[in-house]
Amino acid sequence: MDLETKNLELEASVEWFLDHLKVERAASSHTVTSYQNDLSQAVSFFAKHGLKDWTKLTPPMILKYQTSLGPPLAMATAQRRMSSLRSMLKFLKKQSAGPKADLPSTGGYKKSKLLPKALPLEQLENLLAIPDVAQPAGLRDRALLELIYGAGLRISEALTIPIGDVDLIEGAARLTGKRGKTRWVPLPLQTRAWIKKYLENGRPKLLKRATGVLIVSDRGKPMLRQTAYKKVESFSRRAGLRNVSPHTLRHTYAVHLLKGGADLRAVQELLGHESIATTQVYTNLDLDEVQRKYKSAHPRA
C-alpha cells in the first residue's frame, strides 16, 4: 500500500468526522476549517509513519506525534492540534472505527493566558478616527470598526451580518453566533450613525452586484477575514498602537462595559458566550474591579 493510498483511507475518516461537525453539531465553517487543517497535518504525519487506518493507532505513535509538535511550534497551536486529534478519535471510537488505545491527552502544554489589553478610551477614539470617511471605503471601514467595538462582535459576525438583521430604528442587531445561537445586541448611537452614513454614501458606491451582507469589500463582495485583520492592523499602526486586532476591540467592549458597572451575566449574553467561565477568562484583566462592584452592590456580598 503506497503513501497516497494510506492518506486516502485516513482522510476518509477525517471527512466523516467533519461531516458530523457540520451536520450534527452545527459547527461554524471557521471551526470546521480549523479542524480540517489540524487533522490534515496529522494524516500526513501518521501516513508517513506507516499508519493504514485509525484502528491501528498505538500509544507510541501518538507520543511520537505529540513530540513532533514541539518548538518552534507555539504551545497553543500544539495543544489545539492534539485536541483536534482527540476529538476525532473520540468520535471514531463511538462508531467502532477508532483505536483501542486510550485517547491522547491534550495536557502537557502550559497554555498561555495572555489576553489582549483593553484600549483606553483616548487610544480607541484615535483608532476609530483613522479611516478616511470622505471615501466610500473609509466609511465602510469606520462602520466595521464601530460594529466590532460598539456591539462587541466577533470578526466573523461583523463580516457576515445581513443588512436585514441591523435595525437602526430600534438600535439593535440580531446575531447568529456559535452553534447557531441567536442573540440581540444594542447598537450605540454613534455606531448607528456611522452605519447609516455607510449605507447611504459608502455601500452603494462599493456594491457591484446584489448581496445581502452589510459589509462589502472594495470589489463589492463579502469581505474576507484576512482583509479585515490587515485593515485593523494597518489602522492601529497609523494610530501609533501595537498588537491590536479585531479581538482587541471586542475585548475592549467587554472591559468598558464592566468598568461602567455592567453585570457579568449581561456581558456574557452580549458577547454570545455559552459559559460564564468564558466571560470571566475573557475579561480577566478587570475581574478585581468586578468583584469590588459586586461586593458594594449585592446585599449579601
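Along the sequence shown, the residues carry numbers beginning at 1.
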Write down the atom of [X], the atom of [Y], and the distance for their closest heavy-atom approach.
| X | Y | answer |
| --- | --- | --- |
| Ala228 | Leu159 | CB-CD1, 4.0 Å |
| Leu249 | Leu145 | CD1-CD2, 3.8 Å |
| Arg203 | Gly212 | NH2-C, 4.4 Å |
| Met223 | Val216 | CE-O, 4.1 Å |
| Ala254 | Val267 | CB-CG1, 4.2 Å |
| Asp38 | Ser84 | OD2-OG, 2.8 Å |

Strictly distance-based, threshold 3.5 Å: is any side-chain N or O of [X] a donor or acceptor partner for the main-chain N or O of [Y]?
| X | Y | answer |
| --- | --- | --- |
| Thr252 | Leu119 | yes |
| Thr67 | Leu63 | yes |
| Tyr198 | Leu214 | yes |
| Arg250 | Leu271 | yes |
| Ser236 | Val232 | yes |
| Trp54 | Leu10 | yes |
| Ser34 | His30 | no |
| Arg142 | Leu128 | yes |
| Thr33 | Ser29 | yes |

Is the shortest side-chain heavy-atom distance between [X] and [Y] below 4.5 Å?
| X | Y | result |
| --- | --- | --- |
| Arg174 | Asp167 | no |
| Lys56 | Asp53 | yes |
| Lys231 | Asp141 | yes |
| Leu206 | Ser217 | no |
| Ser68 | Leu73 | no |

Report the distance from atom [atom1] of [X] to atom [atom2] of [Y], rounding to the nearest 0.5 Å.
| X | Y | atom1 | atom2 | result |
| --- | --- | --- | --- | --- |
| Phe235 | Lys230 | CZ | NZ | 13.5 Å |
| Leu258 | Tyr253 | CG | OH | 10.5 Å |
| Leu147 | Arg192 | CG | CZ | 12.5 Å |
| Ser13 | Phe91 | OG | CZ | 9.0 Å |
| Asn201 | Gln135 | CG | CD | 12.0 Å |
| Asp165 | Thr176 | CG | OG1 | 6.5 Å |

Next item on the list: Decide side-chain contact (heavy atoms from CB on, under 4.5 Å) for Lys196 and Leu199; before the verdict, give the C-alpha distance in whole Å, the side-chain angles of both, and the deciding distance to 0.1 Å.
Entry: CA-CA 5 Å; Lys196 186 173 185 293; Leu199 287 174; 5.8 Å; no
hydrophobic_cluster_shared for [Y] and [X], side chain cutoff 4.5 Å:
| X | Y | result |
| --- | --- | --- |
| Leu168 | Ile148 | yes |
| Val213 | Ile163 | yes |
| Tyr229 | Ile130 | yes |
| Trp16 | Leu21 | yes |
| Leu224 | Ile161 | no |

Check: Please walk me through it: do Ser245 and Glu233 pass side-chain contact (heavy atoms from CB on, under 4.5 Å)?
Finding: CA-CA 6 Å; Ser245 70; Glu233 182 182 1; over 6 Å; no
Next item on the list: Give me the ring orientation class for Tyr35 and Phe17: parallel if the planes are under 30° apart, tilted from 30 to 60°, perpendicular past 60°.
Entry: perpendicular
Under a 4.0 Å threshold between the charged nitrogen and the carboxylate oxygen, would [Y] count as salt-bridged to [X]?
| X | Y | value |
| --- | --- | --- |
| Glu157 | Arg183 | yes |
| Asp218 | Arg140 | yes |
| Asp19 | Lys22 | yes |

Note to self: Could you go through Met61 and His49, starting from their C-alpha distance and side-chain angles, then the distance that decides it, and tell me whether this counts as side-chain contact (heavy atoms from CB on, under 4.5 Å)?
What the structure shows: CA-CA 8 Å; Met61 288 181 180; His49 286 79; 5.9 Å; no
Check: Which residues satisfy the side chain to side chain contact (heavy atoms under 4.5 Å, CB included) test with Gln41, sequence neighbours excluded?
Finding: Tyr65, Leu69, Arg81
Notebook entry, point to check: Within a reach of under 6.0 Å around NZ of Lys208, are more than 12 heavy atoms found that belong to other residues, nucleotides or ligands?
Noted result: yes
Notebook entry, point to check: Do other residues, nucleotides or ligands put more than 12 heavy atoms under 6.0 Å from Glu200 CD?
Noted result: yes
Margin query: Working note: Lys100 + Leu57, criterion side-chain contact (heavy atoms from CB on, under 4.5 Å); need CA distance, chi angles, decisive distance, verdict.
Written below: CA-CA 8 Å; Lys100 294 180 180 179; Leu57 187 64; over 6 Å; no
Notebook entry, point to check: Do you see a donor-acceptor pair shorter than 3.5 Å between the side chains of Thr31 and Ser28?
Noted result: yes
Check: Among Lys94, Lys93, Met88, whose side-chain contact (heavy atoms from CB on, under 4.5 Å) with Lys90 holds?
Finding: Lys94
